[in-house]
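Written out below as structure tokens is the structure these notes cover.
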Amino acid sequence: ARAIRDPALIASLGISAPSLEGYLFPETYFLPRGLAAEEVARIFAEQFLAVWREIEPLATARGLSQHQVVTLASIVEKETGISAERALVAGVFHNRLRRGMRLESDPTVIYGIPGFDGNLRRADLEDASNPYNTYANPGLPIGPIGAPGEVAIQAALAPAEGPWLFFVPINLATGETMFSETVEQHEAYVDQL
């Protein structure tokens with residue numbers, strides 16, 4: 001954990017963030033035994049940077065910084081485990097951001113709760129002192145909440161186009177998620193749970 005917060009390592013990689021959270025690219029790596037944590041973090045971050053160089057023009061065209069892309073992609077990654085849904089989820093978040101709506105993402109709130117016990121409470125959703133709380137605070141949280149894969153990063157940069165402002169998983173076994181454009185539609189889907 002100390003390695004991902006090492007300012008010298010972060011600066012040497014050219015990443016403008018307080019930690020490497022979100023910048024350690026999830027991939028299968030074959031590494032020799034005995035590597036120092038700093039070297040492992042460097043390898044993972046360099047893989048992220050290789051992917052980033054290919055997609056940076058898309059971020060520039062959208063007016064998004066590297067940190068914004070990684071933060072949004074990390075939320076998309078946590079919101080759905082289904083690759084095919086990531087662009088749809090990203091579309092919802094882009095629509096919400098454009099309209100000045102809060103993202104209202106449970107995974108962001110949970111990330112910002114030290115020692116989270118598995119029970120998300122109303123008080124947690126109302127706690128504006130949690131800088132990751134996207135229910136109480138507008139816009140993106142202060143940083144990534146995990147390590148997004150390439151599909152989530154691509155989704156953050158090329159979201160599905162549509163009118164959706166809400167989504168709710170209605171079948172965790174199949175991963176079926178319902179997307180809606182009105183709060184009334186969303187609440188009807190939630191009532192099905």
Side-chain angles (χ1 to χ4, degrees), residues 1 3-5 9-10 13-29 40-113 116 130-162 164-169 175 177 179:
I4 69 167
R5 298 196 187 290
L9 174 60
I10 296 166
L13 292 162
I15 294 173
S16 299
S19 85
L20 293 177
E21 177 77 62
Y23 297 89
L24 303 176
F25 195 75
E27 184 65 79
T28 301
Y29 296 91
V40 172
R42 177 180 297 282
I43 291 167
F44 286 23
E46 286 174 346
Q47 181 60 38
F48 163 80
L49 292 170
V51 170
W52 176 255
R53 281 189 287 280
E54 293 178 22
I55 60 173
E56 187 174 12
L58 290 171
T60 302
R62 280 204 169 268
L64 297 171
S65 71
Q66 183 183 68
H67 196 65
Q68 289 171 316
V69 171
V70 173
T71 300
L72 180 55
S74 73
I75 300 167
V76 169
E77 183 84 29
K78 292 288 187 181
E79 284 285 3
T80 181
I82 299 173
S83 294
E85 286 187 348
R86 291 200 172 117
L88 293 165
V89 169
V92 168
F93 289 141
H94 275 276
N95 289 343
R96 286 177 152 262
L97 289 168
R98 265 195 303 274
R99 290 179 180 217
M101 295 173 69
R102 289 181 169 81
L103 295 183
E104 298 184 352
S105 169
D106 291 357
T108 64
V109 178
I110 291 167
Y111 183 84
I113 300 172
F116 180 66
N130 173 352
Y132 291 93
N133 186 344
T134 56
Y135 280 86
N137 301 306
L140 290 169
I142 62 169
I145 61 168
E150 192 164 2
V151 173
I153 294 169
Q154 289 285 353
L157 291 170
E161 295 295 330
W164 320 286
L165 294 172
F166 306 94
F167 64 92
V168 62
T177 300
F179 294 83

Determine whether [X] and [Y] make a side-chain contact, defined as any pair of heavy atoms from C-beta on separated by less than 4.5 Å.
| X | Y | value |
| --- | --- | --- |
| L49 | L13 | yes |
| D106 | Y135 | yes |
| F166 | V92 | no |
| V69 | W52 | yes |

Partner residues of F44 under the ring-ring contact (aromatic ring centres under 6.0 Å, His included) criterion, sequence neighbours left out: Y29
How far apart are the C-alpha atoms of F93 and E79, what are their side-chain angles, what is the distance that settles it, and do they pass the side chain to side chain contact (heavy atoms under 4.5 Å, CB included) test? CA-CA 11 Å; F93 289 141; E79 284 285 3; 4.0 Å; yes
Euclidean distance, Q154 CD relative to E54 CD, rounded to 0.5 Å: 8.5 Å
About how many Å separate CG of L58 and CD1 of I153, when rounded to the nearest 0.5 Å? 11.5 Å
Nearest heavy-atom pair of [X] and [Y]: which atoms, and what distance?
| X | Y | result |
| --- | --- | --- |
| S74 | P144 | OG-CA, 3.4 Å |
| A3 | L9 | O-CD2, 3.5 Å |
| V76 | A152 | CG1-CB, 4.3 Å |
| P148 | P26 | O-CD, 3.4 Å |
| A136 | N133 | N-OD1, 3.1 Å |

Look at atom CZ of R62 and say whether more than 12 heavy atoms of other residues, nucleotides or ligands are closer to it than 6.0 Å. yes
Which residues satisfy the side chain to side chain donor-acceptor pair (under 3.5 Å) test with Q68, sequence neighbours excluded? S65
Those residues at least two apart in sequence (or on a different chain) that pass side chain to side chain donor-acceptor pair (under 3.5 Å) with R99 are none
What pairs with T134 under side chain to side chain contact (heavy atoms under 4.5 Å, CB included), at least two apart in sequence or on another chain? L103, S105, T108, P141
Residues passing the side chain to side chain contact (heavy atoms under 4.5 Å, CB included) test with I113, sequence neighbours excluded, are V109, F116, L120, D124, N130
Out of the candidates V89, V168, L165, only one should pair with F179 under the side-chain contact (heavy atoms from CB on, under 4.5 Å) rule; please name it. V89
Under 3.5 Å, which donor-acceptor pairs link side chains of residues 16-25 to any protein atom two or more places apart or in another chain?
residue, atom, partner, partner atom, Å
S19, OG, E21, N, 3.0
E21, OE1, Y111, OH, 3.0
Y23, OH, H67, ND1, 2.8

